[in-house]
Amino acid sequence: MRYSATAQKLGNEAAVNRLRDKLLRVMKSCDALREEKSAPSQDYAALIERLSREIDETVLPRKFALISDAGIEATLVVSNRRLIELEICGRKIEFDAEADTDADTVARACAKALRALSLQCGLLHLRTIERASKVTTKGTTCAARHLMQYSRPSHLQNRLKAFLQATHASSMGWIYHSRDGQTMKHGPDEGIVQDLDKLHQRVISQANDRERVRRVERAGPTCSAFAMTADAQVLVAEDGNDRLLAVFPVSDLTKVMTNWHQVFRRPEP
Amino acid sequence: MSLSDRLDELRQAVPSCTLASFGDISTGLALRTSASWLYKQDYLEEMMRQAAQTFALSDLMMEDNDLVVVATSNEICIFVRSQAGNSDIVCCVCKCAPDIPLVAQSAQKILTEMARAA
């Protein structure tokens, strides 16, 4: 009686059934959990969806495995509805203790690693293997929504390149400098590219000064904009690895900055 | 009208503006601030430092430029410096790029009034 009253109150029998399944699962013994099998995820999106659901519904510390035909490829520790640890092929995904302290950075790193694993292994089963012990929730964790957010195609590709692709058509010239030292240039006007070169040298010098002084700065991607002439704006965009310097008509500034925000915006908590 | 009132007025005119601060770019000090919540002093100083650094880049391109914008993942900082030749600056934080022209215009108005009053 009580159960049906609750179902009526919630107005969603499917949700109640799911909750009941979860409660039954929580009460299962370790052996039973080991035997529990999941259908293989057909692609990366399905894998992340399933994994996110597990993270979202796991309160007590649990260890999960991603299993391919060859055996266990990765293990994950989840507790208190957060992903605590990810280990792929016996190698723990490490985070920079100083830089990677927020959930967004952790989720981004995990999404990238899982994407690479999914491409390498193909079909993967997600399976609960045991209750996790000695779980520490200090620092580097992320929730399911973070993982979902950073698993979207727009986040997995190089976002600065995505931004360049989106704005290339309206640009009057640009220089793209990647971390591996490669520099690409584009611009019908030689003068603009030369000015950008000069500016780039100054940007590098400022970055070196910052490195020497080692100030505490706001981490993450930035995009600075200022006038080059009365009709043109320069953008200096950095994502922590690559750097883009581009010139746009002043009338396009709002559009380009909006575009930047669409590509780099952090999900709302 | 006091400087604090003017900064409050700027924020009221632009709903997405969460911070408007008047400062001195040469010393990096934020002297008056109007904000929707309490920003740490470190944040304000870092914002001033970022303004000085970006204006240094901007001066390389065009010396009399009074506006620079720095966008991060979750906010847009708009820095407007005085055209009166002093080191006054207004720094604003807002959420939407379309608000940039209105913030810049309002901030320049404050700087002009401050220069006149001096």
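Only this structure's heavy atoms are used, side chains among them; waters, hydrogens and symmetry mates stay out. Below, chain A is the first sequence line, B the second, and so on; all start at residue 1.
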Where A:Ala227 and B:Met61 come nearest, the two heavy atoms and their spacing:
O-CB, 3.8 Å
Are there more than 12 heavy atoms of other residues, nucleotides or ligands under 6.0 Å from atom CD of A:Glu238?
yes
Counting only non-hydrogen atoms closer than 4.5 Å, does A:Ala230 touch chain B with its backbone (N, CA, C, O), its side chain (CB onward), both, or neither?
backbone
Just wondering, more than 12 heavy atoms not from B:Glu113 lying within 6.0 Å of its CD?
yes
So which atom in A:Met257 and which in B:Val69 form the shortest heavy-atom distance, rounded to 0.1 Å?
CE-CG1, 3.5 Å
Nearest-0.5 Å distance, CD of residue A:Gln233 to CG of residue B:Leu67
7.0 Å
Return the minimal non-hydrogen interatomic distance between A:Thr254 and B:Pro98, and the atom names on each side.
CG2-CA, 3.5 Å
Under the 3.5 angstrom rule, does the side chain of A:Gln206 hit a backbone N or O of B:Gln53 as a donor-acceptor pair?
yes
Examine whether an atom of A:Lys255 lies under 4.5 Å from a heavy atom of chain B, and if so say whether it belongs to the side chain, the backbone or both; otherwise answer neither.
neither
Provide the closest heavy-atom pair for B:Thr72 versus A:His261 in the form atom of the first, atom of the second, distance.
O-NE2, 3.2 Å
Heavy-atom nearest pair, A:Phe264 first then B:Ser73, reads O-CB, 3.5 Å
Spacing of A:Arg202 atom CZ and B:Asp59 atom CG [to the nearest 0.5 Å]
8.5 Å
Bottom line for B:Leu57: the part with an atom under 4.5 Å from chain A's heavy atoms is both
A:Val203, part contacting chain B, at a heavy-atom distance under 4.5 Å:
both
Heavy-atom pairs under 4.5 Å with chain A are the metric here; pick the option from B:Ile76, B:Asp99, B:Asp42, B:Ile100 that has the most.
B:Ile76
Count the heavy atoms belonging to other residues, nucleotides or ligands that lie under 6.0 Å from CG of B:Leu38, then report whether that count exceeds 12.
no
